[in-house]
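The block underneath contains the structure these notes are about, expressed in structure tokens.
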Amino acid sequence: MSMPEGVPIPKAEATRSYGGEVALAPGNYVDATAEVARLAKEEGLTFAHLFAGPFVIAGQGTLGLEILEQAPDVEQIVVPVGGGGLATGVAVAVKSIHPNVKVIGVQAPSIPSMSVSVTSSEVTTIKDGPTNANGIHVPTPGNMTFDLVSRYVDDVVTVTEDEIAAVIVALLEGPKTMAEGAGASSAAADLFGRVDTPLKAVALVSGGNVDITTLAWIIIRGMQQTGRIARQATKFVDKADNLAKLVQLVTDDGANVLEIYQGKTRRRRSIPARLERVLR
């Protein structure tokens, strides 16, 4: 199996643990798919497309059947979208049984290839961009998945990177679930109002491959999005007790100080009125 060079380490290691051989390719998942197609041709292997193969789509559609088994009265299902295999599999399976159930796709804002393609009514390659949602980092949808999304998926929306990070934190704290960026995007669309959420809705959280080395700053970013961590810059007179007064102001409001950087600078910054009264 070919994966992009920047793929999370847990994803590559999990594939190897199942007995697979991983070939890392420069670029994104489209580039990795082209590489594995080349290797299959050279070595006489069977090529299975990452998201555009009919058997892959059908296999992912079983998730839609599981949702109907566990929530037979579901009204809306929100699914991450990269190349479109998961979203189309779920949409076709669900709508073949209950055509009135809405299926909404979710993409990252820097790589909304399926959204752009649906809007323009043709498969469109967009400029590649950075995202923490590695699993939906696809700049060109497949022809088959584009056709199926156009027919069966009701809408494709985007969520921000900060919203994805906030939901990763919420899933860790609440249901104790580790979700990767792509998997958390569907819940982000629900929790941050990117979709109209009925009473009976399901957000499909798919994938938990997050590098431990990046998890810490994702958590910080998510906590910043929800207002639990803030960065404040201010200026005060260089007196021995002024820093202590500043810290006391923070603690009086029930907050804590995680890190302080103090330096002398000529750059002028406005001082919040409450701080100015105390620190002059």
Side-chain angles (χ1 to χ4, degrees), residues 6 8-10 78 80 106-112 129-137 157-197 201 203 205 207-280:
I9 294 173
V78 186
V106 184
Q107 294 203 290
S110 63
I111 196 83
T131 178
N132 293 320
N134 176 270
I136 53 176
H137 189 175
V157 301
T158 61
V159 292
T160 70
E161 297 291 327
D162 285 340
E163 289 166 349
I164 291 173
V167 170
I168 290 175
V169 173
L171 291 172
L172 281 171
E173 288 189 321
K176 314 304 180 189
T177 298
M178 169 65 76
E180 62 183 83
S185 64
S186 55
D190 272 331
L191 295 176
F192 285 94
R194 303 299 178 178
V195 295
D196 294 328
T197 304
V205 179
N209 299 296
V210 182
D211 284 337
I212 297 299
T213 53
T214 62
L215 182 59
W217 71 263
I218 289 176
I219 291 173
I220 291 174
R221 187 170 184 174
M223 294 178 73
Q224 288 173 334
Q225 170 68 18
T226 54
R228 294 168 61 182
I229 292 180
R231 181 174 295 174
Q232 175 68 51
T234 189
K235 184 178 74 172
F236 54 84
V237 176
D238 188 14
K239 290 171 57 179
D241 61 343
N242 269 348
L243 180 58
K245 291 179 180 179
L246 177 61
V247 173
Q248 188 62 51
L249 282 173
V250 174
T251 57
D252 286 347
D253 281 342
N256 192 16
V257 178
L258 299 180
E259 184 178 25
I260 293 177
Y261 172 77
Q262 181 184 8
K264 296 183 178 180
T265 176
R266 293 183 179 179
R267 183 179 177 184
R268 298 185 62 84
R269 289 191 178 95
S270 59
I271 305 175
R274 186 178 175 215
L275 291 178
E276 186 173 8
R277 290 194 299 270
V278 175
L279 302 178
R280 287 299 185 188

For this session: For the pair L172 and M178, evaluate side chain to side chain contact (heavy atoms under 4.5 Å, CB included) and give the outcome as yes or no after the intermediate values.
Result: CA-CA 6 Å; L172 281 171; M178 169 65 76; 3.9 Å; yes
Problem set entry | Interatomic spacing from CD1 in I168 to CD1 in I164 - rounded to 0.5 Å | 7.0 Å
For this session: Please list, chain by chain and in numerical order, all residues satisfying salt bridge (charged side-chain N to carboxylate O under 4.0 Å, His left out) with D211, sequence neighbours excluded.
Result: none
Exercise. Quick one: side chain to side chain donor-acceptor pair (under 3.5 Å) partners of D196, sequence neighbours excluded?
Worked result: none
Exercise. Any donor-acceptor pair under 3.5 Å linking the side chain of H137 with the backbone of G129?
Worked result: yes
For this session: Look up atom CD1 in I229 and atom CG in L258, then write down how far apart they are to the nearest 0.5 Å.
Result: 5.5 Å
For this session: State whether the number of non-hydrogen atoms from other residues, nucleotides or ligands found under 6.0 Å of L215 atom CG is greater than 12.
Result: yes
Exercise. So, for A108 and A133, which heavy atoms are closest and what is the spacing to 0.1 Å?
Worked result: CB-CB, 4.4 Å
Exercise. Looking at CG of L246 and CG of D241, how far apart are the two atoms once the value is rounded to the nearest 0.5 Å?
Worked result: 11.5 Å
Seminar exercise, completed: Applied to residues 178-194, the side chain to side chain donor-acceptor pair (under 3.5 Å) test, sequence neighbours excluded, yields E163-R194, E180-N209, D190-T197
For this session: Can you run down the side chain to side chain donor-acceptor pair (under 3.5 Å) pairs that involve residues 168-178, sequence neighbours left out, and say none if there aren't any?
Result: E173-R228
Exercise. Between I136 and V106, what is the shortest heavy-atom contact and its length?
Worked result: CD1-O, 4.0 Å
Seminar exercise, completed: Here the gap from T158 atom OG1 to Q107 atom CD, rounded to the nearest 0.5 Å, amounts to 8.5 Å
For this session: Indicate yes or no for a side-chain donor-acceptor contact from D162 to the backbone of Q225 under 3.5 Å, with no hydrogens or angles considered.
Result: no
Problem set entry | I219 side, atom CD1; M223 side, atom CE - distance, nearest 0.5 Å | 8.5 Å
Exercise. What's the shortest heavy-atom distance between A179 and V210, and which atoms?
Worked result: O-CG2, 3.6 Å
Problem set entry | Results of side-chain contact (heavy atoms from CB on, under 4.5 Å) for L191 - residues two or more places apart only | V167
Problem set entry | Contacts of T131 that satisfy side chain to side chain donor-acceptor pair (under 3.5 Å) - sequence neighbours left out | E161
